[in-house]
Structure formats: C-alpha cells, structure tokens
Enquirer: 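Here it is: the structure, laid out below.
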Protein chains: 2
Amino acid sequence: MSSIKNSTKKKATLKDVAHTANVSVATVSRVLNDSPNVTKKTKDHVNNVIQELSFSPSPMARALNTGRTRTVGALVPTLDHAIFSKFLGALEKQLSSHKHSLVISTTNGSPQTEFEQATALLNMGAEALIVSGKTRSQEFDALVKRFNVPVIITSYYDPKADYPSIGYDNAAISKLALDHFIEKKYTAVTVIHGPTSDNDRTRDRLRGIKSDNRFNDVTYMEAELSVDGGCQATNEIISSNQKPNVIFCLSDVLALGVIFELQRNNINIPNDIAVMGFDNLEWAEHTVPPLTSIELSVKDMGKHAADEVCHFLNSGKPINNIKLSGHLLKRKTT
Amino acid sequence: MSSIKNSTKKKATLKDVAHTANVSVATVSRVLNDSPNVTKKTKDHVNNVIQELSFSPSPMARALNTGRTRTVGALVPTLDHAIFSKFLGALEKQLSSHKHSLVISTTNGSPQTEFEQATALLNMGAEALIVSGKTRSQEFDALVKRFNVPVIITSYYDPKADYPSIGYDNAAISKLALDHFIEKKYTAVTVIHGPTSDNDRTRDRLRGIKSDNRFNDVTYMEAELSVDGGCQATNEIISSNQKPNVIFCLSDVLALGVIFELQRNNINIPNDIAVMGFDNLEWAEHTVPPLTSIELSVKDMGKHAADEVCHFLNSGKPINNIKLSGHLLKRKTT
DNA sequence: TTGACTTATGTAACCGTTTACATTTATTAC
DNA sequence: GTAATAAATGTAAACGGTTACATAAGTCAA
C-alpha cells in the first residue's frame, strides 16, 4: 500500500533538476534554451539529470514569462466541407513549420457562435485569429480590440476590410464562368448556390453575376450546401419550366449532386444542359463527364495566412493583404 | 510623437484592477471566479473597473496556477479525408461544450511525424491526446509516459491495446460486406484498399476478409486513397483478365472513382460488376446508382471521445473502451 | 452591550519558468 | 605572478494569477 505515496509522483520541475544537478536554476534554464555560455561539461551533466528525472519544462510557466503561447486560432463555419479542411490542413502544416500550433473552432456560420468561440480561443491564449469572410459581429471587434490580437480574414480579398485579408475577389472570379458561358453561347443560366445568410463570399459571387449585364436570363436557386442540395435543386429545375443551357453551381459539392441527378434523368451533359462547378475539388476531373470548375488555390491561402501571421508575431511586420487568383478549368461538362 | 509612449499601453493586470478598485487582488480574483463570498456591492464595483480597464485574465497565469489548460490535442493522418474532418468536427463540438479546446495536428500517417507533433502538442500544454489507430512509436509511448497524459485511440476498438480505445472492430465490420456478397451470390471479389503501411485499420479490415474462408476468389489491389486511386485501380481491373462480380472498396472515396470509371467504360453497375463502399459519406446515397456502403458512426466516435476525455480530466474517472458498430446500407450498386 | 459566530476582505506565499544583474572562475597578456 | 578581461554560474526578481490563512466587519442572541 506504500505505493499510494509513490503514485503521487509529481512532475519534476526545473528547480528539482537544479537541485539534483547541484547547479542553479538559471543554469538549467540556460541548458534548456541552449544558451552559448554553458560549459559542455555542465550542459551534459544537466541534460543527464533532465533525462534521469524525465523532466520537461512547463509550457504554462514558459508562456507566462515570455508572453508567447505560439498558438493561432482558426474559426471556420464547418469542418464538413472539403474546402475548409483543405485550407486548415495547409494552414496547420505551415504553422507547424513555424513551430506554431493551430486551434480550430467551428462557428456554424453564426457570428454569435463565432464570437463565443473566439472568446474561448483568446482565453486559452491564442495569439492570433484566422477567420472566414469579412463579416464580423461588433462583439467580436470589441473582443479583438480588448485582447489586441491580430486577425486575418480569409476566402475574401478586400484591402478595405476591417482586418487584413487573404483571399479572392469572389465577384471577379465568378465572372470567369460568365466569360466562359459567353464563349459557349449559353444564354440561359441557372445558378445554384448555398445559403447566403452569414456567407459573404457566396453573396459576393452572386453580386458578381448579377452585376454582369451580358445575361438577362438568369435564375437563382438557394440550396443546402451538399450533394443532396444539388440533387434537390436539379429536380426542381427539371420539374419546372426552366430550360437553362447551363447550371452554374457555386460549389463543386452542389455540382456533383446536379451531375448525378441529371444523369439519373437521362439528361445529357453538356448537350442538354451544361454544368459548371466551383472549387475544383479532388474528384472534379473524374466525374462523367469531367467537371468544368474554377480552381481556388485554397492551400496557398492557408500557407500565406500562416506565413503572414507568423511574421507578424515574430517580428511585428504588418500583415499584408494578399489577393489570390482563381482559374477556370475547362473540362467536359460545358 | 508622444503617442509612442501611449502605444505601449500594456494590458491591464489583475493587480491594476485591484489597485484602481481599492480592493485586494484576492477580491478581484474572487469576483473573477464568482466566489460566493463577495458582497454584491463590491462585486459590481470590481466588475465595473474590469470593464473600464477592459481587463481579461491571463490564461497562462491561470494555467500555471491551476495546472489546467483545458486543451486536448488530436492527431490525425490528414484533414483531406472527409472521414477525419467529420470526426474532428464532432470532437471539437463536444469538447467545446465541455469548455475545452481542440488542437489538431496532422501526421501524414507517419509514426515519426506523429511523435513530433505529439511533442509539440504536449509542449504547448495539451492535457490529453486523441490518436488514430492503435500503432504508436516507442518514442511516443515514452513521451506520453513522461508527460503523464491520457491517450485515447480512435477508429480502432481493442480493449487490449496500450491505451483505451473508442472505435470499431474493423475486421468484424468488413465481414458485414462479405455476408452481403454471399447473399448476393458474388463469388469473385476484388478488394481495392488504400495504403496499408501505417494504417492498421485498413490492415484489420483486410485481415477480416482474408480470414473468411467462404471466399477463394479474392483479388487485392492497393491504390492511393483518392477518387483518382479508385479510377486507376478500375482501369487496371478492366484491362486485366480479372472478372470480379463485385469490387469492394475499403473507402467510399475509392468507390466513387470506381463508379465513375466503370460508367465511363459502359460497364453496368451492378449487373456487370457490383460495387460496395465503406464509410457511407454524405453523397453515397446519391451516386448513380446509389452506393451500397457501410456506415460508421464517426460523429459518435468524436462525441464519445470528447466525453470520455473530459470526464477523465475533470474527475479522474478512468476512460472506457467503447465499441461502436457499423451498419450495412444496402443500396443499388449491389 | 457583549461575546460567539458568520461573512467579507486582505496578506502573502506559491505555481515553474526566464533573465537582468551580481558574483565567481577561467583565460590571457605582461 | 598578477591585473585585466572574458566566460561560467548564481541570486533574486519578475510574469499574472490563485488560494490558504489571517484579519476585519457584520449579525444575532442573551
């Protein structure tokens, strides 16, 4: 039963190491941060003791001193869409190469939830926040001001936004599709898009389309952002009297549903109806027929966001606005 | 230029609050943690000052004292696969409801990277680790012992594993598919699976199939775990002299590629070749024809992992092994 | 009013590091 | 061998909170 006492083996502290090594805490600390002014001999000795006591420094104590947690928080609407996962994957990878960690929170696209999660993130020591889209709640702004942390907007490029932004000119990019439609002589367009509430990127893409006066036969349909949503919208189109030349999906996920459903109804793509996607997800080139889509370099976005935020954190260098481009990939659905 | 001085407005500390509110630090701390023993009057007063100075307590100092960071680390092979994102989304959501944060790191499926990322996670204060699969490196085990943090294995149920596990009996679940094949009188089976190195779940699924002596005409193909991988494998099948009744994909992602490629080659599903998936991703029910698949309740896995780890962290209650079940969803590709 | 007891507040030690500064030890030049 | 200089080590004060314990203020019965 004496093991009960032993089971309370508290983690060794730097002080413990100093004591058993017969040196001062400062020396141990120096060894830990491999300062040049330590004899190889003592260094080795201390390192041995560290091993022996299987000591590892407390991140909290360290953070308290240095004021740095090396943690960045990211707020995304959901993890359920590949586009965000891809972004976060790249972000995490790059942050990790800068020795920073990524904490992810989901917001459901709700500014209120975003604020709450941001609070949690900041309370746990995030040194910066990466958010999606440029729309923030007032509470969020106040919070950020209070904590005085940098914020980077992603997926949306707007140098006049409240925070530096790294992303796309969504309105302009959606015009790439319209140019393509002109080229293909598609005049009747049905646009299927995800929910616009709390999604300024979608709104912007729509704005881009609406502001283009080359088209006067455009129908807009809002659908749930899923393959299922694409299927449902397609069924509505089929059973309505719409006769679009092309269905423009503001997300490949929707386009996949459209392709499936058109096919299920023996409607030929692109002869009867053409289909165009957005995002160029991994499988887009493999659909039957291969999906014409717009490639957004989401991984670059993650990489840039990581680089910018780390530069700022490490050297105070101001965060740049970065405009990323989109590319139209012409394939066989148009 | 006097603003230079002002720009160095350091964040208010608890001490500052105490001072301007004319109370002791202890009182402020009590207000912060709403201890019952504070007069409503002083409480209000202190809260006002807190507002006024826009003070917010330092998470590091707090963590240093309490020893708690309320942070959990998760290690997954990649964020590029929906199955992990789904899991992490659920995990994050549930952790968040327990007032904990999730830090995500990707390992690329490499035990070495896993170890490195785990080190980083622990160094930044993660109180627990959630990992995928039961295979760990020795270094990892040593690390965990040193930090003395709980670890939960996911995607793999094995009460005899080194750490508590929450997941599936992968071998048993893959037999669900085999039972179905018997029922459908499919005798020639081609199995397409992702890389097995560093993926014990896939190995286990394969083990389950190999150990089933009802089949003697089984071909195994390893492919990159992507739609593209599925396409390539299918082309190999077509150009080989294999004549499977059914192609069993150990991931829906592969199955999607198979469906596309068979369709592209005008091979009828299921009459010429049947297809079976695994994971039941969101779109599985919408493919043409709808994909028969095996549903794994990945979101439950996330939820359970969060609950178990929080219970442990909050009350020392030991972590349970939890076996989750898989369900065969019969659809039209078989 | 007083003593006994409860409640509110204050004091100071502590959590585990880093680091400026002081001190000791080693090196070099003469 | 000694003074001057450089290098290694030690001391103690931060960092910003929490909390055990001490003390002051209120409450209430007799």
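Sequence lines set the chain letters: A, B, ... in the order given, protein chains first and strands last, and positions in each chain run from 1.
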Enquirer: Does anything in residues 56-66 of chain B reach DNA chain D, meaning a heavy atom under 4.0 Å, and if so which residues?
Expert: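 Contacting residues: B/Ser56, B/Pro57, B/Ser58, B/Ala61, B/Arg62, B/Leu64, B/Asn65.
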Enquirer: Could you tell me, to 10°, how much the axis swings from one end of the helix from C/dT1-D/dA30 to C/dC30-D/dG1 to the other, five pairs per end?
Expert: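 The helix from C/dT1-D/dA30 to C/dC30-D/dG1 shows an end-to-end axis angle of 30°.
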Enquirer: How long is the line joining CZ of B/Arg68 and P of D/dT18, in whole Å?
Expert: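 Result: 15 Å.
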Enquirer: Which residues in residues 45-53 of chain B have at least one heavy atom lying under 4.0 Å from any atom of DNA chain C?
Expert: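 Within this stretch, nothing sits under 4.0 Å of the strand.
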Enquirer: Remember a base hit wins even if backbone is also touched, and classify A/Val23 as base, sugar-phosphate or nothing at under 4.0 Å, heavy atoms.
Expert: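 Result for A/Val23 = sugar-phosphate.
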Enquirer: Would you kindly give the CZ-to-P distance between B/Phe55 and D/dG16, to the nearest whole Å?
Expert: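 After rounding, the reported distance stands at 10 Å.
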Enquirer: Return yes if a side-chain donor-acceptor contact under 3.5 Å exists between A/Asn108 and A/Thr113, otherwise no.
Expert: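 No pair is found: no donor N or O on one side chain lies under 3.5 Å from an acceptor on the other.
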Enquirer: For DNA chain C, whose closest nucleotide is more 5', that of A/Asn33 or that of B/Ser24?
Expert: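 Comparing both residues, the 5'-ward one is B/Ser24.
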Enquirer: Which nucleotide wins on minimum distance to the side chain of A/Arg30, given the candidates D/dG17, D/dG10, C/dT9?
Expert: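 Per side-chain heavy atoms of A/Arg30, the pick is D/dG10.
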Enquirer: Measure from the side-chain heavy atoms of B/Val25 and tell me the nearest of C/dT17, D/dT18, D/dG10.
Expert: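 Among C/dT17, D/dT18, D/dG10, the one nearest the side chain of B/Val25 is D/dT18.
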Enquirer: How about B/His45 and B/Asn22: does a side-chain donor come under 3.5 Å of a side-chain acceptor?
Expert: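 No pair is found: no donor N or O on one side chain lies under 3.5 Å from an acceptor on the other.
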Enquirer: Under the criterion side-chain hydrogen bond (donor to acceptor under 3.5 Å, both in side chains), which of A/Arg70, A/Arg68, A/Lys99 is the partner of A/Asn314?
Expert: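 Option passing the side-chain hydrogen bond (donor to acceptor under 3.5 Å, both in side chains) with A/Asn314: A/Arg68.
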Enquirer: Checking A/Ser165 against A/Asn321: is there a side-chain donor and acceptor pair closer than 3.5 Å?
Expert: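 Yes, because at least one side-chain N or O of A/Asn321 sits under 3.5 Å from a partner of the opposite role on A/Ser165.
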Enquirer: Do B/Phe312 and B/Asn320 make a side-chain contact, defined as non-hydrogen atoms from C-beta onward lying under 4.5 Å apart?
Expert: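 No, every pair of side-chain atoms sits at 4.5 Å or beyond.
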Enquirer: According to the side chain to side chain donor-acceptor pair (under 3.5 Å) rule, which pairs have a member within residues 48-61 of chain B, sequence neighbours left out?
Expert: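 Qualifying pairs: B/Lys11-B/Ser56.
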Enquirer: Is there side-chain contact between B/Pro164 and B/Glu308, with at least one heavy-atom pair below 4.5 Å?
Expert: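 They are not in contact (no side-chain heavy atoms under 4.5 Å apart), so the answer is no.
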Enquirer: Contact class for B/Ser29 vs. all strands (heavy atom < 4.0 Å): base, sugar-phosphate, or nothing?
Expert: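 If one applies the 4.0 Å heavy-atom cut-off, B/Ser29 turns out to touch a base.
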Enquirer: Output the rounded distance in Å from CG (A/Leu14) to P (C/dT18).
Expert: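 Checked: the CG to P distance equals 7 Å.
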Enquirer: Contact between A/Glu127 and A/Thr71 at the side-chain level, heavy atoms closer than 4.5 Å - yes or no?
Expert: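 Sidechains of A/Thr71 and A/Glu127: no contact.
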Enquirer: Could you check whether any side-chain heavy atom of B/Val309 comes within less than 4.5 Å of a side-chain heavy atom of B/Leu95, counting everything from C-beta outward?
Expert: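 Yes, close enough: below the 4.5 Å cut-off.
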Enquirer: So do A/Leu143 and A/Phe115 actually touch side chain to side chain, heavy atoms under 4.5 Å?
Expert: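 Yes. Closest side-chain heavy atoms under 4.5 Å.
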Enquirer: Taking atom types as modelled, is there a side-chain donor on A/Asp200 or A/Thr135 under 3.5 Å from an acceptor on the other?
Expert: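 Judged by distance alone, the side chains do pair up.
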Enquirer: Would you say C/dG10 has OP1 or OP2 under 4.0 Å from some side-chain N or O of B/Thr27?
Expert: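 Looking at the OP1 and OP2 atoms of C/dG10, one of them is under 4.0 Å from a side-chain N or O of B/Thr27.
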Enquirer: Short of 4.0 Å, heavy atom to strand atom, which residues of residues 34-42 of chain A count as contacting DNA chain C?
Expert: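 Those residues whose heavy atoms fall under 4.0 Å from DNA chain C, taken from residues 34-42 of chain A, amount to none.
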Enquirer: Whole Å only: how far is the NZ atom of B/Lys15 from the P atom of D/dT19?
Expert: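 Nearest whole value for this atom pair: 17 Å.
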Enquirer: Check whether any side-chain heavy atom of B/Leu75 lies under 4.5 Å from a side-chain heavy atom of B/Ile104, and answer yes or no.
Expert: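 With C-beta onward as the side chain, the pair stays apart.
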Enquirer: If I take atom CG in residue A/Asn123 and atom C1' in nucleotide D/dG16, what distance separates them, rounded to the nearest angstrom?
Expert: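 Spelled out: CG on A/Asn123 to C1' on D/dG16 is 14 Å.
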Enquirer: Side chains of A/Ser110 and A/Thr107: is there a donor and an acceptor less than 3.5 Å apart?
Expert: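 Side chains of A/Ser110 and A/Thr107: no pair found under 3.5 Å.
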Enquirer: Whole-Å distance between D/dG16 C1' and A/Phe147 CZ?
Expert: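 Taking CZ of A/Phe147 and C1' of D/dG16, I get 14 Å after rounding.
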Enquirer: To the nearest Å, how far apart are A/Lys43 NZ and D/dA8 P?
Expert: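 In whole Å, D/dA8 P lies 10 Å from A/Lys43 NZ.
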Enquirer: Residues in side-chain contact (heavy atoms from CB on, under 4.5 Å) with A/Asp141, at least two apart?
Expert: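 By the side-chain contact (heavy atoms from CB on, under 4.5 Å) rule, A/Asp141 matches A/Arg136, A/Asp162, A/Tyr163.
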